[in-house]
Structures are given as structure tokens and as C-alpha cells.
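Here the structure comes first, spelled out in C-alpha cells, and everything after it is commentary.
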Amino acid sequence: MPEVAMKVFRGDSSGGEFVDYTVDADEGQVVLDVIHTIQATQASDLAVRWNCKAGKCGSCSAEVNGLPKLMCMTRVNSFRPGEPITVAPIKTFPLIKDLVTDVSFNYGVAKEIPAFRPRPPEADGRYRMMQEDIERGQEFRKCIECFLCQNVCHVIRDHPDNKPRFYGPRFFVRLAELEMHPLDTEDRTELIRKAAGIGMCNITKCCTEVCPEDIHITDNAIIPLKERVADRFYDPFRWIFGKLRA
Amino acid sequence: MPEYETHDFDVVVVGAGGAGLRAAIEASARGARTALVCKSLLGKAHTVMAEGGIAAAMGNVYPEDNWQVHFRDTMRGGKMLNNWRMAQLHAQEAPERVYELERWGALFDRTKDGLILQRPFGGHRYDRLAHVGDRTGLEMIRTLQQHAVHKGIDVFMECAISRLLKDGDRISGALGYWRESGRLILFRAKAVVLATGGVGRAFAVTSNSWEYTGDGHALAYWAGADLIDMEFVQFHPTGMVWPPSVRGILVTEGVRGDGGTLRNSEGERFMFRYIPEYFRVETAEAEEEADRWYEDKVNNRRTPDLLPRDEVARAINSEVKAGRGSPHGGVYLDIATRRPAEYIRRRLPSMFHQFKQLADVDITTTQMEVGPTMHYIMGGVRVDPDTAAATVPGLFAAGECAGGMHGANRLGGNSLSDLLVFGLRAGAGAAEYTNGLSNAPAVNAAEAEAIARDMLVPFERKGDESPYALQHQLQETMHNLVGIIRTEGELQRALVDIRELKERAERTGVEGNRQYNPGWHLAMDLRAMLSISEAIALAAIERKESRGAHTRDDYPETSRDWGRFNIAVRIGANGEPTIAREPLPEMPSELRALVEQEVKIGA
């Protein structure tokens, strides 16, 4: 059984450091397996979040050798043998302990987004939607809320004070999904412009690059939302018409 | 004396998967002050991993489908041990629960007419599963979660419940801890709804996540409620087998629903040799008919690849034992030669991704290696079908931790619908119960303190037993001795092992402090896993026949006598488990006629 050298961040909000562990790794193991081995044999109190271990729940986000990853989908043999693998918590959210961070910011934002409000059903009580009309929405609903896109978004990663004014890519995806839902009747354009702060995104596509579900966050969600906001608030004809009506 | 914070609610729902979320939404809608308590972050519960779909007889693909056919399939799939009233309510109400998800924003795959598309699955007569590719569970949990956050429900994330509290016979609350800080937390509650899922983590090869430690089963059992059907543990026929680190991860039945077939090392579609008498009239005996069935379910019989899960898991087990397995101890699941690559990627995107990333296998060109994995427990808290009330007043249960609905074997797709139908009923049952109470139950402070002290004991003793090592040994015992094929001798040995592990678990010590300490959390989860593993072994010893998922090598026949009883496990006065045979409720004759009716295929 080959040995793997690991450098795992250990610590809490008061500080911490990388600790070296050497672990036996089975064939085909992922980084999360190695973390579990450390837990079971060397550090029983090593804190880590995980659930499905199959890339479906988005719990085990971390920075592996500096890259934002799901630990359960990152194979140990994808790294150069002999070199240590560094595992650190995601940076954008406050550290709780070891690899676990406080992601409650995201749950707060989720609550602020006005709920889905469907139009009334058809005469037979059913809704009819064509597959091609829901495919974009289905792409957005693949999101597993791993928050890796939030983690790499420099608007909040480098400037935490922006958090109260910026929802982040995960929630632009959510807003785009609602806005493009064939049944939804709620108008969220003002919220997208103001509370969600979409204008602060300067489309560097970092979020798209790290999405484990391959959602085209920038092209399919953020840019169309920016266009909606521009059409509503910055179209000169609409602006004059709005003033006259008021 | 240990400190704890205190909260007051009418209803506390434990578990935030499909059943817990639906229960909390319903209890709250009926005016109950409702707490939703979950071990993980919201939206990460095991429901998120469900792949294939939600079984509901909407008749969008086959107008011939209706609740009666669904009821019949469910009862026969459960080898008639199901609680008939639960199976009836489930079949009748599942369609409305699916439409409700659509009204709350879910985007299911569509038929050409724009209705909700339905796919075929094991044991279901017609295409019945509403789905979103192979990530239906994610769609369901996200829809419920996004609906729930606007409903004024107080959510306690990463908070685990260790024990229920009682005032006399009635539930009065629950005591638990915050995973993040390790602080203890007391809920004073008039009613508790358990929706904690199953106990897969007691088995070595499982599709279940870490949370599946039998918490709800154990909380109910320790509080004096009945558990039934605990001998019935479902092994899903198709889990990944290679590489070792992914062993057990689920491969959806949808692969077979969408055209995949099982083959042995000789390339033979071996399931045709394993058609049991019970399903012969509705199962295709020739490959040609089986393949036609995918296109025309009215005039052809179902492929044996989609026999109920217990049948397929046993068949795979036999092929491997006979030396016709794959190199890593499974069999082959082939969709690559049967469907175009584009179709496979569209219908089964997560399966494509999962095999590519974890096993370097491209399922559009290569066969998968698969084998049985512990997936689900049919047994659980015995409940009243209409209200989901357990045998302890104020206690309710829904979803996997409740028993009765699925009998001796659950059909694929019937779990997600179960969560919705009985989640709602449990939430309603709990809210109505609290409305009807004339005086609120009181928490006994001395009882709460004793439990709190007990929770913190592992920090005080410098025990030499590691909770990780004990869990590992339990998993080996359950896998090797309480697996797919069982015998009296092995089950008795398992019982001895489990009891020894229980004693050793009393000597576990943990390192570090109370802040986010997985070793301590596991030490507590281990108590639940051990109690429930013991219940499984006892019930498996008691049932001296083979039926559904319970296969006894020493009692291979299905017995008419045993078909009249559920086995109940409950805690005795001395704290040890006791076993009882409980007669099945009598099924009304019109429902019996539905089940016994011969199925007619073709004109």
C-alpha cells in the first residue's frame, strides 16, 4: 500500500497551522478517504464536513494544493507521487475548526430571495412545459451548493466587507433559475440590481471554472441577469417612459 | 452539572431530508411552532443522493396506470408483509405530492406533451417514476428546502438529538448537542417527529452517508416505541465495486430502466435464469420480449433485469459465488452496447460523471462492474398509517425510519414518494396531536441532567476503545454475518459480537475538546448503531423463513404462517430488547382482490 504525505490545516478562529500526516492509501482513493484514515488512526477530533462521498451533496469543499475542490471527487493519484498534498479550509468563510467553515452567510442570502410564485395551472389543473424551455433551468438546478463558486469570487474572497451587498455566484444562479422558470410570475429585477449587487461582478469567470457540476455560471446565469437589469434600469427609452408614467 | 440551552416548540422534527422537510412544512402550515433539527447543513441529507425518481401513478406515459396498479405492485414487491393501509395511502396520494413539488418550483423532465415524464423501474408495471435525469433527490430536497425557508420554521443545522424525554408516557422533549460548539441543547416539545433515515453505516458496504446511524430508530426504541420488520434490510443490487474506496456507491436502477442489462463473465444475461415463480406471469422469459418491453409495456412483459431488488441482489450474489463474476467480485452492467452514447449522457449524467471521475470508466463505451450494497432498511418505527403516530404518545415517524410501508422489500422509487406522503401525514398528525393536548407535558430536569452527564462521559474517562475501531468491527460483523444470505449460526455469532461491542462502547474515550469533534459524535452515534444492529439480528433470528430481503439459507421456503406476522422489537423493563409476533392488520376484501388478480399482458 503506497504512503501519502499530507499537510492538513488544524486550528480554529484563534489560529492554526498545517500538520503533517503520513497515511497508507488504497488504490483509487480520494482525498476525503485519506482524511478519514487520519481521523480513524491519528487524529480522532479532526473536523471535516462530508455526506455522500459521491459528488452529489457538496459538503466536503476544501482547498487542495491551493485549488478549490470537492475532496470526495479528487483522486489521490491525480497528484505527483511523493509530494505532499496540502488540504486547507475554504477561505471566504470564517473558520470554525480544521476544515470546517461557517457558511451561514449563504443560508441567510437564500432566505432573502423571494419565493417561487407560479401562474395558475391550466383548465385541467396541470402545468405544461416543453423540455427545451426548462433545460436552462435544469442546468441551474444541478447546483449542489458546495459554495466553491462563492469561495473563489474575489468580490467577497478579497473584500469580506462586500458580503452584505453581494449575493455571490451561487445566488445569481438561483435568481437566474427563478427568472427563467416558465411558470414563475415574481419580479426580482430590482433585487438583482440592488440587494444582490450584480453590478459588482466583473465577469472574470472564476466561479464557472471551479463549478463541479459544470454550470456555465457566468455565461448562462450572470450575463443574462446583467442584461435584464440593464434593459430595465439603463434603457434610455424605458427610463423616460418610467419617469413620464410616474 | 452540565449546562444546556433550552428552546420551546410545539413540534420538533428530527431530520431534514424529504420526510423531515415535508413534515415541518405541514406542521408549521397547521399553526404549530415548529423546529427542524438536522445533523448536517440544510440540503445535504441523504435524500440528495436519490437518483432514479419518485414513483407516482400519474399515468402520463401509460394512461393504463392508476393507484390500484401501484398498490398491487407495492404489496407484491413487499411480499405481502406491507401494512396495507400505508401502501394504499401511498399509492393514492403520491401523484398529488409530485404535483405539489411542481407548484413549488421543481422542474421534472417532460413528455412530448409537456407533462411530467415517467420512467420504468424495478417491480413497477408501467413507467411510473417522475424524475430529473438521475438526480431526482437533489431536485426534491432543494424544492422542499427552498419552499421551507419562507415558512417561519426554525432550523437547527448541525445539531444532533441524543435522547427523547418523556413526562409519564408522553413525549416531552429531546436533548442533543450542537456539532459546531459541542454545547448541549434541550428542546421542550409537545410532539417529536422522527425522520432520520436508516442505518447503513452499521454495514461495511453501503450506499448510505455518515448520517445513517439509526438515530431515529434508536431514539424511538429507547423511548419505548415498537420497531417492526427490522429483519428486512435491502441490498441494492448495483453499487460500484471498484476501486475499493468507492465500493458501495450507488448505481441507479435507472440504468436498467433506461435499457441497461446485467451480464456475467461469460457475457450471459443471467437474470433470465432467476425468474421466481411469484413473478413469472409478469416477467419476460426471452431476451426479445424483454427488449420490446422498453418500447411497449402494454403488450410485453417486464425484463427480469428489473425484478424487485431482493431478487436481483440474490441473483448477483449467486453468480459471483458460482465463479461467473467480474474481476473485482461483481457482475457487469452494460448499457454501452445497448443505447447510443448521447442518450446515456443525457439520461444518466451523474452516472457518467461518477464512473469517469472515480473509476476511469466511460460508461458509454465500457461495461460497469457492480455488486450489492446495503441501501435501505424496510423496518422501522411502528406507526399508525393515517397519522404516523408511534406507539408512544407524542411520537411520530416518517420515511425510512418508519416501518410497515414497504413490507419485506421496497420497490425502487417508492421511497421518495413515501417521504412526501408520510412526511405530510406525520407533520399533520403531530400538529393535530398538540392541538388536542389539554395540558402540556413537562420536562423532568433530573432526567435531562442525567442524560446530559451521560453524553459527556467519553471526555471524562480516558477509555482505551476508539469509536472508529468499534464502528469498523460492527460493520464487518453486520456485513459478514447479517448480510444478504443468513443462517442461524451466523446470526447468533453476530449477536454475541454486537453485545461484546456494546460493552466495549462503554469504554470509549475521546481526544480533544467539545468543539466540532467527530470522534465524540461517533461515540454517541455508535450507541444507536449498536442498539439497532442488535434489533436487526434478533428479528432476523426470529423469522425462520425466507421472504423478500430476508433470505435464510437454513429456511429457504416462504411460509404461509410467517406471512401472517410482523416481528416487533421493543425495550423490556430490564433495558434489554424483547421480541414479539404481531398479527398483520386484516386487508379489506376489495384490496385483496386487487393484489390477487392475475395480471393480463397484451390484448
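Values below: every heavy atom of this structure, side chains too, minus hydrogens, waters and symmetry copies. For clarity, every value in this text was computed on a predicted model and none was experimentally measured.
The residue among A:G58, A:A54, A:P114, A:G55 with the most heavy atom pairs within less than 4.5 Å of chain B is A:G58. Among A:V30, A:I113, A:V103, A:T41, the residue making the largest number of heavy-atom pairs under 4.5 Å with chain B is A:I113. Looking only at heavy-atom pairs under 4.5 Å with chain A, the residue among B:R179, B:Q515, B:H521, B:K112 that has the most is B:Q515. Interface summary for chain A: among B:H46, B:H472, B:M49, the most heavy-atom pairs under 4.5 angstrom belong to B:M49. Ranked by heavy-atom pairs under 4.5 Å with chain B, the list A:K111, A:Q131, A:E213 is led by A:Q131. When each of A:I96, A:D184, A:I134 is checked for heavy-atom pairs under 4.5 Å with chain B, A:I96 comes out on top. Per-residue heavy-atom pair counts under 4.5 Å with chain A were compared for B:R135, B:Q145, B:Q357, and the maximum is reached by B:R135. Ranking B:D109, B:V246, B:D113 against chain A, the residue ahead of the rest is B:D109, based on heavy-atom pairs under 4.5 Å. Each of B:Y99, B:W242, B:Y468 has some count of heavy-atom pairs under 4.5 Å with chain A, and the biggest count is that of B:Y468. Interface remark: of the candidates B:V510, B:L250, B:V48, B:V48 forms the most heavy-atom pairs closer than 4.5 Å to chain A.
With respect to B:E100 and B:R97, a salt bridge is recorded, a charged nitrogen being found less than 4.0 Å from a carboxylate O. Salt bridge status for A:R128 with A:E122: present, with a side-chain N to carboxylate O gap under 4.0 Å. A salt bridge links B:R103 to B:E96: one of the charged nitrogens lies within less than 4.0 Å of a carboxylate oxygen.
The closest side-chain heavy-atom distance from B:V149 to A:Y107 is not below 4.5 Å.
Neither the backbone nor the side chain of A:P120 comes within contact range of chain B; no heavy atoms are under 4.5 Å apart. Interface remark: B:T143 contributes backbone and side-chain atoms alike to the contact with chain A (heavy atom separation under 4.5 Å). Interface remark: B:W104 contributes backbone atoms only to the contact with chain A (heavy atom separation under 4.5 Å). Interface remark: A:D33 contributes side-chain atoms only to the contact with chain B (heavy atom separation under 4.5 Å). With a threshold of 4.5 angstrom between heavy atoms, B:Q471 does not approach chain A through any atom at all. Only the backbone of A:L46 comes within contact range of chain B, judged by heavy atoms closer than 4.5 Å. Only the side chain of A:D12 has a heavy atom closer than 4.5 Å to any heavy atom of chain B. For a residue to count as touching a neighbouring chain, one of its non-hydrogen atoms must lie under 4.5 Å from one of that chain's; by this rule B:D360 touches chain A with backbone and side chain alike. Looking at B:M157, the atoms closer than 4.5 Å to chain A (heavy atoms on both sides) all sit in the side chain, from C-beta outward. Residue contact with chain A, scored on non-hydrogen atoms closer than 4.5 Å, is absent for B:Y212. Both the backbone and the side chain of A:R141 come within less than 4.5 Å of a heavy atom in chain B. Both the backbone and the side chain of A:I144 have a heavy atom closer than 4.5 Å to some heavy atom of chain B. Both the backbone and the side chain of B:Y516 come within contact range of chain A, judged by heavy atoms closer than 4.5 Å. Interface remark: B:E211 contributes side-chain atoms only to the contact with chain A (heavy atom separation under 4.5 Å). Proximity to chain A (any heavy atom under 4.5 Å) is restricted, for B:A359, to the backbone atoms N, CA, C and O. For A:V48, the part lying under 4.5 angstrom from a heavy atom of chain B is the backbone only. For B:L358, the parts sitting under 4.5 Å from any heavy atom of chain A are the backbone and the side chain alike. For B:R201, the part lying near chain A is the side chain, with the backbone staying farther off; criterion is any non-hydrogen pair under 4.5 Å. Proximity to chain B is absent for every atom of A:R117, based on heavy atoms less than 4.5 angstrom apart. Heavy atoms closer than 4.5 Å to chain A are found in the side chain of B:I249, but not in its backbone. Both the backbone and the side chain of B:L42 come within less than 4.5 Å of a heavy atom in chain A.
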Next item on the list: Under the salt bridge (Lys or Arg N to Asp or Glu O under 4.0 Å) rule, what do A:D98 and A:R10 come out as? Steps first, then yes or no, please.
Entry: CA-CA 4 Å; A:D98 303 338; A:R10 303 294 313 267; 3.2 Å; yes
Note to self: Please evaluate residues A:K56 and B:Q354 with respect to the criterion side-chain hydrogen bond (donor to acceptor under 3.5 Å, both in side chains), reporting the C-alpha separation (whole Å), side-chain torsions for both, the decisive distance (0.1 Å), and the verdict.
What the structure shows: CA-CA 10 Å; A:K56 294 185 171 70; B:Q354 180 174 311; 2.5 Å; yes
Next item on the list: Decide salt bridge (Lys or Arg N to Asp or Glu O under 4.0 Å) for A:E186 and A:R119; before the verdict, give the C-alpha distance in whole Å, the side-chain angles of both, and the deciding distance to 0.1 Å.
Entry: CA-CA 9 Å; A:E186 182 73 51; A:R119 63 169 157 79; over 6 Å; no
Note to self: Determine whether B:D525 and B:K39 satisfy the following criterion, salt bridge (Lys or Arg N to Asp or Glu O under 4.0 Å), listing intermediate values before the conclusion.
What the structure shows: CA-CA 11 Å; B:D525 290 345; B:K39 285 210 288 190; 3.5 Å; yes
Margin query: If you apply the rule side-chain contact (heavy atoms from CB on, under 4.5 Å), what do you find for A:I215 with A:T208, and how did you get there?
Written below: CA-CA 7 Å; A:I215 300 170; A:T208 306; over 6 Å; no
Notebook entry, point to check: Passes salt bridge (Lys or Arg N to Asp or Glu O under 4.0 Å), A:R126 versus B:E102? Steps please.
Noted result: CA-CA 10 Å; A:R126 299 282 167 262; B:E102 188 166 67; over 6 Å; no
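Checking side-chain atoms of B:T373 against main-chain N and O of B:G248 turns up a donor-acceptor pair under 3.5 Å. Judged by distance alone, with hydrogens and angles left aside, the side-chain atoms of B:D154 form no donor-acceptor pair with the main-chain N or O of B:F156 at under 3.5 Å. At distances below 3.5 Å, at least one donor-acceptor pair connects side-chain atoms of A:S78 with backbone N or O atoms of A:R75.
In terms of heavy atoms, B:S350 sits closest to B:D134 at OG-OD1, 2.7 Å. Residues A:M129 and A:P182 come closest through the heavy atom pair SD-CG, 3.8 Å.
Crowding of A:R80 atom CZ: a count of heavy atoms from other residues, nucleotides or ligands under 6.0 Å not exceeding 12.
Using cut-offs of 30° and 60° for the angle between ring planes, the A:F166 and A:F172 rings count as perpendicular.
With no hydrogens or angles considered, no side-chain donor-acceptor pair links A:Q138 and A:E177 at under 3.5 Å.
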